[in-house]
Number of protein chains: 2
Amino acid sequence: MELRQLRYFIKAKELLNFTEAAAQLFISQSTLSQQIKQLEDELGTPLFNRVGKHIYLTEAGDLFYKYALQCVQKANDGYQVLKDLGNLETGHLMIGTTYGLRHILSPAIQAFHRQHPQIVIQVIFGTSTELTDRLSKFELDFVLTFEEVTHNQSMKYQPLFSSELSLIACKGSPLAEKKTVTLQDIQELPLALPARGFSTRKFVDEVFEKHHLFPKINLETNDIPTLLELVGTGYWNTILAQTTVSNQENLVSIPIRSLKTLQQAAIVSLHDIYEKQAVKAFFKVLLQLDLNKLH
Amino acid sequence: MELRQLRYFIKAKELLNFTEAAAQLFISQSTLSQQIKQLEDELGTPLFNRVGKHIYLTEAGDLFYKYALQCVQKANDGYQVLKDLGNLETGHLMIGTTYGLRHILSPAIQAFHRQHPQIVIQVIFGTSTELTDRLSKFELDFVLTFEEVTHNQSMKYQPLFSSELSLIACKGSPLAEKKTVTLQDIQELPLALPARGFSTRKFVDEVFEKHHLFPKINLETNDIPTLLELVGTGYWNTILAQTTVSNQENLVSIPIRSLKTLQQAAIVSLHDIYEKQAVKAFFKVLLQLDLNKLH
DNA sequence: TCATATCAATCGATAAAACCGATTTAAGAT
DNA sequence: ATCTTAAATCGGTTTTATCGATTGATATGA
């Protein structure tokens, strides 16, 4: 068993397609096939079932994946520790964020970049579900999101600010003057909501469910700027954390009178893995900014 | 970076001698030297300092060791999971135990062997310090010992029985008739105690320390049977958990009147690693036996 | 139903690299 | 100063990871 083989296996498992996996690994399909076979021989059990042109994981493969991933990750951690040790600061940050938190991420990136100009930063926007998935595949360093109701044991949550869910309306609309709205009011409005997978959406669904209300959801999208543009037309309304639209000139947020609509924003990262210097430094910047209540 | 290189590094780190490490790895010294060098090149930093004929770890090497070890362990765990899956039961158990717990281990081994005759069992006697050290190097599956005062985060403690520290004397000796003794009484006696590293010894030292007493420790050894033999001569006395001598014909244990001399026996194992079927089964047998109060 | 496209396995050849034995180098030990 | 010991280096050998081409199997669709 070698790390090379584990890396091959992981990619093959994730794509369930040897040809494509081989391409992404920059090796030939033949090589991948042979190496997987060799690994299977050593383990004494097939990791994939081959039915016709398709492959899928065996139970063994499913069990083994977890360990393969962790094994490779430990090796990466070890590598990272030594890179950090030299204080090279030639790092790379992969940040996942939901749209609702860009207003705090953006200044954090600016401040961080001023301190560590050599570090390359990649920002991935997505739903909390997507992002936490990628986090647990070690594809992201950390994720900014409104906290999931379901806390995961293997994840670390550092709270940032909390924000009320609000109804978002266009400034010209008749609603714009109201101080607050009720869930019943909202039920009557044409809504454009973030797609399933967004933590905010999950939250909204649960709130309505609990009050036995059935809102008119005309439209859903996974692109929040689009959503805001739609609301800007004056026809639709949406529901988002108040902070999401804090710097949108043409929109207003109207508090919702309801039991609990307070959402907690947090930094989500993994326990039990090495936290590189760059990540630590970024957290510091983020928490600092948060204290200064930039939102 | 490959698992092979990490395995080589681990062995070299543990022996701090390339020639010997190479021998134990069944490769030539030349190969080991080259592979370590290659690893160092990839990591961009030396793992060993070479001063003359000796090598010692660099700071980088020291940091890296932890990850290398965990990486290899994850691979082993993955391997083990699949072996267990086939329910082959052709396993191997490495058990560490202190002498004081052999009376419960021994029947457990017998019972376990009856159920799983194919499984090879190795038992290592040692001090709690030695054993927990080896446990964290993944050299043992679990350890039986009287619980350390210092609980380690990465370890799991499953309590077994508890036992009073007692003064152990020879049956013929004048003390043998006494119902209890005080710490002051003991202070006057010639003592032969388990060496430092034994949890019992640590415990004893602390008890005397707390009462500002200075016992006459004439002799210490890391071999408990020897200790018992010495006590059997009638000259020396020792202090051990009462259960340690429960099946010694010629010795008696006399309770000590003191605040807290209750020691907790426990199974110590590691968190966060795969617990193989054989280990689970052995735990079951042990805890079952313990319930039946065999001690 | 038959041709076609697609994907994994297999084969033979090649390049890479892991490995070994012998030698060199450097440092303790005598 | 000489001997011993341990790591590094060198040249050659073996192993194996890899590739391209081909085969075999099976979905797709004409």
Side-chain angles (χ1 to χ4, degrees), chain A residues 1-62 64-65 68 71-72 75 78-79, chain B residues 1-62 64-65 68 71-72 75 78-79:
Chain A
M1 199 189 315
E2 289 299 338
L3 281 172
R4 177 172 31 78
Q5 295 168 323
L6 298 183
R7 293 195 185 97
Y8 291 176
F9 166 69
I10 289 166
K11 185 62 85 179
K13 183 267 176 185
E14 282 169 4
L15 296 174
L16 289 178
N17 177 328
F18 280 12
T19 308
E20 178 58 21
Q24 291 194 22
L25 291 164
F26 303 106
I27 58 172
S28 70
Q29 173 265 318
S30 153
T31 299
L32 180 61
S33 185
Q34 287 176 64
Q35 289 295 308
I36 295 287
K37 188 181 170 58
Q38 192 173 311
L39 182 59
E40 290 175 324
D41 285 349
E42 183 175 350
L43 295 173
T45 174
L47 298 169
F48 295 99
N49 271 322
R50 283 84 164 163
V51 281
K53 352 199 297 181
H54 292 148
I55 57 171
Y56 60 91
L57 269 191
T58 59
E59 190 195 345
D62 187 47
F64 187 68
Y65 174 66
C71 175
V72 169
Y79 184 86
Chain B
M1 198 188 315
E2 290 299 337
L3 280 172
R4 174 173 30 80
Q5 294 167 323
L6 298 183
R7 292 196 185 96
Y8 292 175
F9 166 68
I10 289 167
K11 184 64 83 181
K13 183 267 175 184
E14 281 168 6
L15 297 174
L16 288 179
N17 178 329
F18 279 13
T19 309
E20 178 59 21
Q24 291 194 23
L25 291 164
F26 304 106
I27 57 172
S28 70
Q29 173 263 319
S30 153
T31 299
L32 180 61
S33 186
Q34 288 175 61
Q35 288 295 308
I36 296 287
K37 188 181 170 56
Q38 191 173 312
L39 182 59
E40 290 175 325
D41 285 350
E42 184 175 350
L43 295 172
T45 175
L47 298 170
F48 295 99
N49 271 325
R50 285 83 163 164
V51 280
K53 358 200 290 181
H54 292 152
I55 57 170
Y56 59 91
L57 268 192
T58 59
E59 189 196 347
D62 188 47
F64 188 69
Y65 174 66
C71 175
V72 169
Y79 185 85

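Reminder, nothing fancy here: chain letters follow the sequence lines and each chain counts from 1. Hydrogens, waters and symmetry mates play no part in the numbers below; they use all other heavy atoms, side chains included.
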- Task: Would you mind classifying the nucleic acid contact of A:F26 as base, sugar-phosphate or nothing, using non-hydrogen atoms under 4.0 angstrom?
- Result: sugar-phosphate
| said: Students often get this wrong, so: under 4.0 angstrom with heavy atoms, is A:Q34 touching a base, only sugar-phosphate, or nothing? | reply: base
Judged by nearest nucleotide, the residue sitting upstream toward the 5' end of DNA chain C, A:T31 or B:Q35, is A:T31
Q.
Within a 6.0 Å radius of atom CD on B:E59, are there more than 12 heavy atoms belonging to other residues, nucleotides or ligands?
A. no
Do B:S30 side-chain and C:dG21 base share a donor-acceptor contact under 3.5 Å?
yes
From the candidates C:dA18, D:dA7, C:dA8, the one with an atom nearest any side-chain atom of B:R4 is C:dA18
Please check the phosphate of C:dC19 (OP1 and OP2 only) for any side-chain N or O of B:Y8 closer than 4.0 Å.
-> yes
- Item | Any A:S33 side-chain nitrogen or oxygen under 4.0 Å from OP1 or OP2 of C:dA9 | yes
- With a 6.0 Å cut-off on ring centres, are B:Y8 and B:F18 close enough? no
Please check this pair: side chain of A:T58 against backbone of A:N49, looking for a donor-acceptor N/O pair closer than 3.5 Å. no
Worksheet item: Is a side-chain donor-acceptor pair under 3.5 Å present for B:E42 with A:Y79?
Response: no
* Asked: Which is true for B:Q29 with a 4.0 Å heavy-atom rule: it touches a base, it touches only sugar-phosphate, or it touches nothing?
  -> base
Of the listed D:dA7, C:dA9, D:dC19, the closest approach to the B:R50 side chain comes from D:dA7
